[in-house]
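What follows is a single structure, written as structure tokens, with notes after it.
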Amino acid sequence: MHNHWTVDLDFDEDDDRTTCTAKLSGFSAPGAVGTGSARRSPDDTPDMAVGEELAAARACSDLAHALIDKAASGIEAHTHEPARLVF
């Protein structure tokens, strides 16, 4: 069996804040979503790339935790025991 998921990153930016939403798409991809944001310090020089990178990293980390939670729920549904997954 072969399965392929894609992570889609969507950004929303204003003058000093970048927000990113990370969503999975693809056949049988779970409905997991992660969000992350970055805020520019008023003393820093504006650099959109840095804000996007940091917001994307935080969104992907949040997505990873959402997937672990989904996996734990799936295990618990089958075993009827608490699952302890380590990230």
Straight-line distance of Ile75 CD1 to His80 NE2, nearest 0.5 Å
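Result: 13.5 Å between the selected atoms.
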Who else is in the cluster with Phe11 when I, L, V, M, F, W and Y are joined by side-chain contacts under 4.5 Å?
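Hydrophobic cluster check, Phe11: joined to Trp5, Val7, Leu9, Leu24, Leu63, Leu67.
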Excluding Val50, membership of its hydrophobic cluster (Ile, Leu, Val, Met, Phe, Trp, Tyr; side-chain heavy atoms within less than 4.5 Å) reads none
Closest heavy-atom contact between Ala83 and Glu76?
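Shortest heavy-atom contact: N-OE2, 2.9 Å.
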Heavy-atom closest contact (Ala72 atom, Leu85 atom, distance):
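Scanning both residues, the minimum pair turns out to be N-CD1, 3.5 Å.
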Using side-chain contact (heavy atoms from CB on, under 4.5 Å) as the criterion, list what pairs up with [X], not counting sequence neighbours.
X     : value
Leu54 : Ala38, Arg58
His78 : none
Asp16 : Asp14, Arg40
Asp10 : none

Within the distance-only criterion (no hydrogens, no angle test), does the side chain of Ser73 pair as donor or acceptor with the backbone N or O of Asp69 below 3.5 angstrom?
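Confirmed, Ser73 side chain pairs with Asp69 backbone.
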Does the side-chain contact (heavy atoms from CB on, under 4.5 Å) test come out yes or no for Glu52 and Cys20, once each step is laid out?
CA-CA 7 Å; Glu52 287 177 348; Cys20 180; over 6 Å; no
Are Thr18 and Asp12 close enough that a side-chain donor and a side-chain acceptor fall under 3.5 Å?
no
Does the side chain of Asp8 come under 3.5 Å of the side chain of Ser25 through a donor N or O and an acceptor N or O?
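Distance-only check passes for Asp8 and Ser25.
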